[in-house]
Amino acid sequence: MAEQAAQQKTNTGAAGHAEEVPILRRPGPIRRFVDFVGESTILAWQAFTSILHGGFEMRDLINQMAAIGVDSVGIVLIITGATGAVFAFYIATLTKQFGGFNQFLGGTIGYSFLNELGPTLGGVGLAARSGAAIAAEIGSMVVTEQVDALRAMAVSPVRYLVVPRMLAAIIMLPLLTALADIAGLFGSYLFALGAGVSGEEFWNSVHTYTKVSDLLHGLAKSVVFGFLIGLIACQQGLRTKGGATGVGRATTNSVVLCVILIFITDFFLAQILTK
Amino acid sequence: MSAVSVRNIVYEVPDKRILNDINLDITKGEIVSIMGQSGSGKTTLLKLLTGLIRPTSGHILIDDQDIAAVTEKELDRIRLKIGLVFQYSALFDSLNVFDNIVFGVVRHRHKVPRVELDQMVRERLAEVELPGVEKRFPSELSGGQQKRIGLARALAMEPSIVFYDEPTSGLDPITANTIDNLIMRTRERTGVTSVVVSHHLPSIFRISDHIAMLHKGEIVIYGTPDEVRASSNPIVQEFLHPETHLVAGVGGP
């Protein structure tokens with residue numbers, strides 16, 4: 001085997017400009033995982049140092065905040081509003097078996113939304129809509145050499161592309177989470193009214209069984225999820241290779257990785273924040 | 001005096017050497033074309049010369065600064081002297097023509113008055129013979145127009161060296177001729193050094209002061225257009241007259 005390789009090297013000449021096409025093997029899962037963690041960490045560090053040095057344009061950030069907010073608000077409101085209504089339906093169905101515990105309906109839903117459903121569903125909505133858009137946009141810029149054009153003009157892609165998008169996701173997801181909480185509660189309230197629970201009873205229950213700290217826990221989670229979505233979407237976009245297929249792959253990978261990371265991180269954050 | 005000096009450049013990717021021991025001197029103010037077959041390493045050499053990738057070994061001197069050895073921050077300072085016109089223009093498709101042209105200027109010069117930017121964009125557009133397209137987006141322009149806007153953007157930073165990646169590929173002969181004229185006029189007007197990577201022979205022989213030919217990652221000839229034409233190197237002759245070699249090949253034993 002080694003002899004074969006040596007013979008092949010001799011045949012291609014001292015210069016080594018081999019004519020054979022190199023075999024590009026797809027790296028294994030461990031190698032891909034290490035690459036992903038390494039690239040994401042480096043990108044996060046570069047973005048962090050760029051922010052520390054004031055390395056971004058305020059107008060780029062505002063544009064991204066507007067784009068992310070407008071892009072994602074619809075999907076987040078629909079997901080959380082519908083989930084709130086469905087959640088109320090199941091809880092009402094379950095409590096009926098025990099003679100009805102309507103006084104707990106608003107509190108159960110409020111507690112669930114503020115702590116868990118608002119930030120996670122808001123994060124999934126943002127990852128699916130804006131995270132995908134970010135990965136696709138940056139991926140297209142990579143394959144059409146626009147990112148090379150930035151570097152050729154001495155403009156850092158991290159400063160121009162990554163920092164505004166990452167910060168915009170960090171700022172906008174808590175706002176979307178607050179809207180998600182409201183939409184979820186409103187959806188469940190509408191269902192509760194239909195099921196014969198009075199509005200007063202519903203909102204009293206919300207007020208009794210939820211605390212400001214529940215809202216703050218949810219918002220703290222959403223800041224972390226926003227950071228992850230902004231970072232992963234940009235990282236996947238920047239590593240795009242191979243034209244339109246590559247852009248599609250980067251977009252899909254971005255959504256899948258963001259959703260997985262949101263739920264894994266959520267598990268650990270839930271342990272930390274409820275201590 | 002050399003604007004660009006390439007010394008013993010080697011560039012390798014896993015299992016393959018793309019460029020092998022490249023040496024090249026480009027004199028200030030000249031138009032130098034780098035020609036060669038697809039896959040010969042032309043675009044890789046261009047990316048090395050503009051600092052978009054780093055060589056495996058060797059030195060690339062731009063105005064006597066070795067861009068292969070500097071930090072990214074220092075490289076950014078050197079890049080301000082360089083303009084790059086991309087094969088497919090690489091205009092920012094989310095920005096209109098005006099914002100594309102002023103993109104580098106507003107990010108590297110502080111608080112340039114709007115009047116000055118307007119004036120600069122008008123001048124650059126007049127130079128590339130596309131007045132009045134400031135508000136159009138790249139998708140509203142033809143391929144040839146996009147290339148001209150790409151040149152206007154590259155010239156906005158008043159570089160001392162402009163690199164052109166396949167400036168006439170995919171263009172009809174008349175538009176290609178317009179681009180050639182622009183390259184020559186830009187040099188005459190500004191004295192800028194121009195490095196053109198291309199395999200479009202009529203353009204190369206029309207505009208170049210010197211021509212380098214890359215073949216399998218090595219420079220096989222460097223000379224004036226007349227010297228290249230008169231070369232007895234069979235690789236050069238096959239590239240310049242493929243039809244002759246094709247016929248000879250068909251008719252041969």
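We use all heavy atoms of the structure for the numbers below, so side chains are in, but hydrogens, waters and symmetry mates are not. Chain identifiers are assigned alphabetically (A, B, ...) following the order of the sequence lines, protein sequences preceding nucleic acid strands; residue numbering begins at 1 within each chain.
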| field | Min side-chain heavy-atom separation B:F86-A:D148 under 4.5 Å | value | yes
| said: Counting neighbours of CD on A:E57 that are heavy atoms of other residues, nucleotides or ligands and sit closer than 6.0 Å, is the number greater than 12? | reply: yes
| message | Does any backbone or side-chain atom of B:E72 lie under 4.5 Å from a heavy atom of chain A? Answer side chain, backbone, both or neither. | response | side chain
| query | Heavy-atom distance under 4.5 Å to chain A: side chain of B:L84, backbone, both or neither? | reply | side chain
| message | Within the 4.5 Å heavy-atom criterion, are A:Y160 and B:F92 side-chain neighbours or not? | response | no
| For B:L80 against A:A154, the heavy-atom pair lying closest together | CD2-CB, 3.9 Å
| message | With a 4.5 angstrom heavy-atom cut-off, is it the side chain or the backbone of B:L19 that approaches chain A, or both, or neither? | response | neither
| remark: Between the CG atom in B:D93 and the CD atom in A:Q146, the distance rounded to the nearest 0.5 Å is 4.0 Å
| What residue, out of B:A154, B:A90, B:S94, has the most heavy-atom pairs lying under 4.5 Å from chain A? | B:A90
| query | Do any N or O atoms from the side chain of B:R107 and from the backbone of A:V155 form a donor-acceptor pair under 3.5 angstrom? | reply | no
| task | Would you mind checking which part of B:K47 comes under 4.5 Å of any heavy atom in chain A, side chain (CB onward), backbone (N, CA, C, O), both or neither? | result | side chain
| task | Pick one of side chain, backbone, both or neither for B:R153, based on which atoms fall under 4.5 Å of a heavy atom in chain A. | result | side chain
| task | Measure distances from B:D21 to the heavy atoms of chain A and classify the residue's part below 4.5 Å as side chain, backbone, both or neither. | result | neither
| task | Measure the CD-CG distance between A:E145 and B:D165 for me, rounded to the nearest 0.5 Å. | result | 6.5 Å
| request: Verify the neighbour count for atom CZ of A:R31: are there more than 12 heavy atoms of other residues, nucleotides or ligands below 6.0 Å? | output: no
| request: Starting at CZ of B:R79, measure out to CE of A:M153 and round the result to the nearest 0.5 Å. | output: 11.5 Å
| message | Looking at A:I30, I'd like to know if its CD1 atom is crowded, meaning that more than 12 non-hydrogen atoms belonging to other residues, nucleotides or ligands lie closer than 6.0 Å. | response | no
